[in-house]
Trainee: 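This is the structure I have questions about; it appears just below.
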Protein chains: 2
Amino acid sequence: MDEQGYTLQARMVKALAHPTRLRILALLRDGERCACEFGPLLGLGQPNVSQHLGVLRKAHVVNTRRDGVRIMYRLSDERIIEVLDTLGRIARDQFVEAAAALGAVA
Amino acid sequence: MDEQGYTLQARMVKALAHPTRLRILALLRDGERCACEFGPLLGLGQPNVSQHLGVLRKAHVVNTRRDGVRIMYRLSDERIIEVLDTLGRIARDQFVEAAAALGAVA
DNA sequence: TCGCTATATTCGCTAATCCTGATAGATTGT
DNA sequence: ACAATCTATCAGGATTAGCGAATATAGCGA
């Protein structure tokens, strides 16, 4: 892959690199949702949610569709679920590993 | 997953979210490498490389081993390759898609 | 010990990210 | 047209990331 390819890839990864955005994506795992749902579900304010959705949109991680007043969000690519699942497992395993290492010390 | 889980996951994802670090990880795909290799291979200065390696280290994306004066780096988890491959394919496909859309306009 | 190489860290700066509060745009129903 | 709702964007200030230059640290060999 060339240097520009890594820049493109990094742009997408950066869009995933925030707990709120990961939580939004987890909510989109089972299908599309109205933008209005995320705020109440995550306990966040409307502008904050909208900005995070904007980050995901600009990075083409999600697509949107208008339904009257509402904007429906969905994952742009099913493989994103796979990526998030694997990353989640890696993070969890390493957390367990780190905890075990701490336990061994004590 | 709980909120803290997403924070942990985000911390790991953030560590991947830089073109230089993606390039470093690509070089580690086939096995461990000396820290000294990355600078020349990537055309970057030593402090810069060391800082990026530090980010990957703190996020436990890579592990290290000392071999005399040299520090050998390797991926901490094979599944990271899988994640990067999938992300790379997604990014590439979307780039192609965007290019096609531009072409359709012209 | 001294010098040499390889790494890591610190510092100062610039740029980017994130959050909140206020404002603007778009769509529907009356 | 107007009001109500949903969504996006702007403005600000605080925090964090990134980089280069300089400085520290660690191991090796003479």
Side-chain angles (χ1 to χ4, degrees), chain A residues 3-4 6-28 32-76, chain B residues 3-4 6-28 32-76:
Chain A
E3 187 172 340
Q4 193 181 356
Y6 289 109
T7 301
L8 284 174
Q9 188 175 349
R11 201 170 301 167
M12 167 164 287
V13 175
K14 200 176 296 189
L16 309 179
H18 192 285
T20 296
R21 296 197 287 272
L22 291 177
R23 294 213 282 161
I24 288 173
L25 295 173
L27 289 172
L28 290 175
E32 72 178 0
R33 277 182 186 273
C34 168
C36 62
E37 298 185 76
F38 301 112
L41 283 171
L42 303 178
L44 300 172
Q46 182 268 323
N48 193 356
V49 168
S50 185
Q51 280 170 16
H52 283 300
L53 289 173
V55 171
L56 293 172
R57 235 186 302 123
K58 279 177 197 151
H60 303 102
V61 176
V62 299
N63 288 327
T64 58
R65 170 177 78 83
R66 179 177 281 281
D67 179 19
V69 161
R70 300 164 181 229
I71 310 280
M72 306 300 293
Y73 279 79
R74 64 178 178 285
L75 293 176
S76 69
Chain B
E3 187 173 341
Q4 194 181 355
Y6 288 109
T7 301
L8 283 174
Q9 188 176 348
R11 200 170 301 167
M12 169 164 286
V13 175
K14 200 177 296 188
L16 309 179
H18 192 285
T20 296
R21 295 198 286 271
L22 291 176
R23 295 212 283 162
I24 288 173
L25 294 173
L27 289 171
L28 290 175
E32 72 178 0
R33 276 183 187 271
C34 168
C36 62
E37 297 184 77
F38 301 112
L41 283 171
L42 303 177
L44 300 172
Q46 182 269 321
N48 192 357
V49 167
S50 185
Q51 282 169 26
H52 284 299
L53 289 172
V55 171
L56 294 172
R57 235 186 303 123
K58 278 177 196 151
H60 303 103
V61 178
V62 299
N63 289 328
T64 58
R65 169 177 78 84
R66 181 177 279 280
D67 180 20
V69 157
R70 305 174 175 213
I71 311 278
M72 306 300 293
Y73 279 79
R74 64 180 179 285
L75 293 175
S76 70

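Hydrogens, waters and symmetry mates are skipped; everything else that's a heavy atom, side chains included, is used. Lettering follows sequence order; numbering is per chain, from 1.
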Trainee: Y73(B) near the nucleic acid: base, sugar-phosphate alone, or nothing, with a heavy-atom cut-off under 4.0 Å?
Mentor: sugar-phosphate

Trainee: Which two nucleotides bound the region of DNA chain D that has atoms under 4.0 Å from heavy atoms of chain B, read 5' to 3'?
Mentor: dG18(D) to dC28(D)

Trainee: Just jot down the side chain to side chain donor-acceptor pair (under 3.5 Å) partners of S50(B), sequence neighbours excluded, or say none.
Mentor: none

Trainee: Look up atom NE2 in H60(B) and atom CG in L8(B), then write down how far apart they are to the nearest 0.5 Å.
Mentor: 11.0 Å

Trainee: With sequence neighbours excluded, tell me which residues meet side chain to side chain donor-acceptor pair (under 3.5 Å) with R57(B).
Mentor: Y73(B)

Trainee: Counting only pairs under 3.5 Å, give me each side-chain donor-acceptor contact of residues 32-39 of chain A, with atom names and distances, residues two or more places apart or in other chains.
Mentor:
residue: E32(A); atom: OE1; partner: R65(A); partner atom: NE; Å: 3.3
residue: E32(A); atom: OE2; partner: R65(A); partner atom: NH2; Å: 2.5
residue: R33(A); atom: NE; partner: L27(A); partner atom: O; Å: 2.8
residue: R33(A); atom: NH1; partner: E37(A); partner atom: OE1; Å: 2.9
residue: E37(A); atom: OE2; partner: C34(A); partner atom: N; Å: 2.9

Trainee: May I have the distance from I71(B) (atom CD1) to dT5(C) (atom C1'), rounded to whole angstrom?
Mentor: 13 Å

Trainee: Verify side-chain contact (heavy atoms from CB on, under 4.5 Å) between K58(A) and R11(A), making sure each step is shown before the conclusion.
Mentor: CA-CA 10 Å; K58(A) 279 177 197 151; R11(A) 201 170 301 167; over 6 Å; no

Trainee: In a table with atom names and distances, give each donor-acceptor pair under 3.5 Å that connects a side chain of residues 13-21 of chain A to protein atoms at least two apart or in another chain.
Mentor:
residue: H18(A); atom: ND1; partner: T20(A); partner atom: N; Å: 3.1
residue: R21(A); atom: NE; partner: A15(A); partner atom: O; Å: 2.6
residue: R21(A); atom: NH1; partner: H52(A); partner atom: ND1; Å: 3.1
residue: R21(A); atom: NH2; partner: K14(A); partner atom: O; Å: 3.3

Trainee: Taking the side chain from T64(B) and the backbone from I71(B), do they hold a donor-acceptor pair closer than 3.5 Å?
Mentor: no

Trainee: Nucleotide by nucleotide, 5' to 3', does protein get under 4.0 Å of the base (B), only the sugar-phosphate (S), or neither (-) in nucleotides 16-30 of chain C, counting heavy atoms?
Mentor: -SSBBBB---SBS--

Trainee: Could you check how far CG of L56(B) sits from C1' of dA8(C), rounded to whole Å?
Mentor: 15 Å

Trainee: Pick out which of L28(A), L25(A), I24(A), V55(A) makes a side chain to side chain contact (heavy atoms under 4.5 Å, CB included) with V61(A).
Mentor: L25(A)

Trainee: Reading DNA chain C 5' to 3', how would its secondary structure be written in dot-bracket notation, given Watson-Crick and G-U pairs with both distances under 3.5 Å, brackets [ ] for crossing pairs and | for partners on other strands?
Mentor: ||||||||||||||||||||||||||||||

Trainee: Specify the separation, in whole Å, of atom CZ of R57(B) and atom C1' of dT9(C).
Mentor: 10 Å

Trainee: Could you tell me the separation between the CE atom of M12(B) and the CG atom of L56(B), rounded to the nearest 0.5 Å?
Mentor: 10.0 Å

